[in-house]
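Each chain gets a letter, A, B and so on, in the order its sequence line appears, and its residues count up from 1. Side-chain atoms are counted along with the backbone in the values below, which use heavy atoms only and exclude waters and symmetry mates.
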There are 2 protein chains.
Amino acid sequence: MWVKRVTIKDVARAAGVSYTTVSRALSGSSDIGEETRKRILQISQEMGYSPNTVARSLVAQETKTIGLIISNITSPFTSEVTWYIEEQAWLHGYSLILCNSCSSVEKEQAAVELLTSRQVDGIIIHPADDQSFDRLFPYISTTPTVFINEDMGDLPTSYVTIDNYKGAWMGTEYLYSLGHREIVYFGRRHGKRSRMMRAQGYSDACKHFGLTPRFIDYPYPISTSQQVCDLARQMFSKEQNFTAVFANTDLMALGVLQAADAFGIRVPEDISLLGFNNIVFSALPKINLTTIEQPKQAIAATAVAMLLERIKFPKTENKGRVLAPSLVIRDSCRRIDLPSQRTV
Amino acid sequence: MWVKRVTIKDVARAAGVSYTTVSRALSGSSDIGEETRKRILQISQEMGYSPNTVARSLVAQETKTIGLIISNITSPFTSEVTWYIEEQAWLHGYSLILCNSCSSVEKEQAAVELLTSRQVDGIIIHPADDQSFDRLFPYISTTPTVFINEDMGDLPTSYVTIDNYKGAWMGTEYLYSLGHREIVYFGRRHGKRSRMMRAQGYSDACKHFGLTPRFIDYPYPISTSQQVCDLARQMFSKEQNFTAVFANTDLMALGVLQAADAFGIRVPEDISLLGFNNIVFSALPKINLTTIEQPKQAIAATAVAMLLERIKFPKTENKGRVLAPSLVIRDSCRRIDLPSQRTV
DNA sequence: AAACTTTTCGCAAACGTTTTCGTACTATTT
DNA sequence: AAATAGTACGAAAACGTTTGCGAAAAGTTT
């Protein structure tokens, strides 16, 4: 290392006491005389002593660390949730080890193995896949874990998510209420349950209002915004006769916006656009995306709270919290006259 | 804990050997017979053994962990840099402990103390303040550290940053070349050196081209986008006779965009706007911000590389790497006719 | 067959703490 | 003055590893 770090034994030597006594002075034990405590505190200050958390963790059998596995910190939704999680963790004296899974189940599994090996007290994970749990189960059975942003149903784990079905229904209903009768759903609908539920909510709402669900789906995972834009272009060139697009995600909606721009299609004048997640950039002027909001701070706070409770009381049974989404109305959706429908 | 974790001693007992032998089998030592190694590996697999990194760290005197202190993971620029840092760290077998300083020197210092106490092998820090180094010095003198996004000059530390002066000069020059003669600089210019250098680059370029530097400064720190927008509104209502705004930051530029929108001022038709950082959202259609790019991946990669080198060879002398910014031209700046100038 | 090497393994120390237990000393009670 | 209780501290074990050293067993050379 740089400089030899000063240990508790160094302080003890300087103070002329055993290191047990130093430990007690610092931990605020009562088994110590008042004036020796002060003297030791003084000396340890002067020597710049700081306890070795690694050694402490080894004996205490807890690291005061939680692992966070997310797919991509770059996503505004994710980074905002991460912000709140770090805040909560810090408040409770926990540190955060950050792992990007890159939406790969292999890396996700590697991250979980790493974290358990590092003896983290708990793990918060935004699963990469609908089979994440099965893959991860052998590794997380030994560590308190809470999943976020996915409804884990009856799986033996805690989770916190929003009601994606309801969110999608609300969005569809809103578009219907504005007079839209041909609404295209833009985004993946298979794989993760959250995706399926959103698609289902849209689909069921459509049927409820007498509309035909129309999906622009794709089988492969999409990562770059360029890919999203290309897909949106395909939609504009192939699909006929729709007045609104309900995007899976604000990021997807942004891709639609981009493609629309390229086609000279105006939002909301020519077409209405609805997003999901309410990332901060959706509030930007000229973007002004109407969207379904996820309560990110609440997700983070309840996830951390649930995790800490499980850490404290390992025998607590698993809980699933499903928070409510809400509609944030901005300027990307427009009321249309029923008789005339624009043909793209 | 949940379930009692299986330790190396458990494996040893099951295999009927000493735990030393198990350790050797797993570490790939040559001091072990081939068939015993296989047998032990087999057994440890079956028992689901995973080494306790905490214990290993204690004896090895290294944690394979690096601490990252940033002001706010929510910022697109920061989260992108973080993404690349995590990638590089992972590649080299290091984990990342994430701390948000919230731009507070107090929390920054607390984070550094925490990280050193946790025996991280190194720290990467985006300083909150121009006095961060002095405050932090006593704590980081024992841990390899590299600062990012700030030129630390002659201070005894490694750092990697970009040439902010040059970036600002380039931006000003570009605006000048488009015919702009009244350019307002929007953003803080005191405190951190990076801010000062940007302001200075702008200022010097202005003088070089015979223009008068015009600053919209503010003494207090600004955090929310609402505050930025309010400030931009003030600018539009108070300042007269300017044709271009050079914003400190893309985020600041977004605020200008928002305020301009409210005033009915069009970008770039009525006014040109230039940003700094090139965050992903600047590339959005309808935003299309011309900006000065920071090479985020290069910043992250060199920061990690420098840190790992210092960890490996503690005696390496401090290095400062200053990377080159570049101009990314989009659609927020417009060539104007010299004789007529728009009055706001 | 004796004298070496080499291979394979175990013992024990070490990493820096916390905590249990024991003990010397002081203070209080009988 | 003897017995008891309380206070202040130290010794040692424990947490789960890695590693230097030594020793037994096996193989090789003379």
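At a threshold of 4.0 angstrom between heavy atoms, the contacts of T7(B) are confined to the sugar-phosphate backbone, with no base atom among them. Across all strands, T36(A) comes closer than 4.0 Å only to sugar-phosphate atoms, never to a base (heavy-atom distances).
For DNA chain D, the contact window with chain B, defined by any atom under 4.0 Å from a protein heavy atom, covers dG16(D) to dG20(D) in 5' to 3' order.
Here T53(A) pairs with S57(A), S117(B), R118(B) under the side chain to side chain contact (heavy atoms under 4.5 Å, CB included) rule; sequence neighbours left out. In this structure R39(A) satisfies the salt bridge (charged side-chain N to carboxylate O under 4.0 Å, His left out) test with no other residue, sequence neighbours excluded.
Here the C1' atom of nucleotide dT8(C) and the NZ atom of K38(B) are 17 Å apart, to the nearest Å. The NZ-P distance, from K64(A) to dT18(C), rounds to 14 Å in whole Å. Between the CD1 atom of I8(A) and the C1' atom of dT18(C) there is a distance of 8 Å, rounded to whole Å. Distance, N52(A) CG to dT18(C) C1': 13 Å, rounded to whole Å. Look at CG on D31(A): it is 13 Å from C1' on dT18(C), rounded to the nearest Å.
The OG1 atom of T142(B) lies 9.5 Å from the CD1 atom of I123(B); values are rounded to the nearest 0.5 Å. Here the straight-line distance linking atom SG of C99(A) with atom CG of L96(B) works out to 8.5 Å at 0.5 Å rounding.
Residues L307(A) and I124(A) meet the side-chain proximity criterion, which asks for heavy atoms closer than 4.5 Å. For the pair I140(B)/F147(B), a side-chain contact is recorded, criterion being any heavy-atom separation below 4.5 Å from C-beta on.
R135(A) has no carboxylate O lying under 4.0 Å from a charged side-chain N of E108(A), or vice versa, which leaves the two without a salt bridge.
When each of R24(B) and S50(B) is assigned the nucleotide of DNA chain D bearing its nearest heavy atom, the one mapping closer to the 5' terminus is S50(B). DNA chain C is contacted by both A60(B) and G33(B); G33(B) maps to the nucleotide lying nearer its 5′ end (nearest heavy atom per residue).
Counted within 6.0 Å of CD on Q45(B), heavy atoms from surrounding residues, nucleotides or ligands total 12 or fewer; the atom is thus considered open. Shown here is R37(A), whose CZ atom has more than 12 heavy atoms of other residues, nucleotides or ligands within 6.0 Å.
Defining each end axis of the helix from dA1(C)-dT30(D) to dT30(C)-dA1(D) as the rotation carrying four pairs' C1' atoms onto the next four, with five pairs an end, the two axes are found to diverge by 50° to 10 degrees.
Within residues 11-22 of chain A, the residues having any heavy atom under 4.0 Å from DNA chain D are, by residue number, V17(A), S18(A), Y19(A), T20(A), T21(A).
Ring pair F77(A)/H126(A) is perpendicular by interplanar angle, where above 60° counts as perpendicular and below 30° as parallel.
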Got a list of side-chain donor-acceptor pairs under 3.5 Å for residues 83-90 of chain B, not counting sequence neighbours?
from, atom 1, to, atom 2, distance (Å)
E86(B), OE1, N100(A), ND2, 3.3
E86(B), OE2, N100(A), N, 3.3

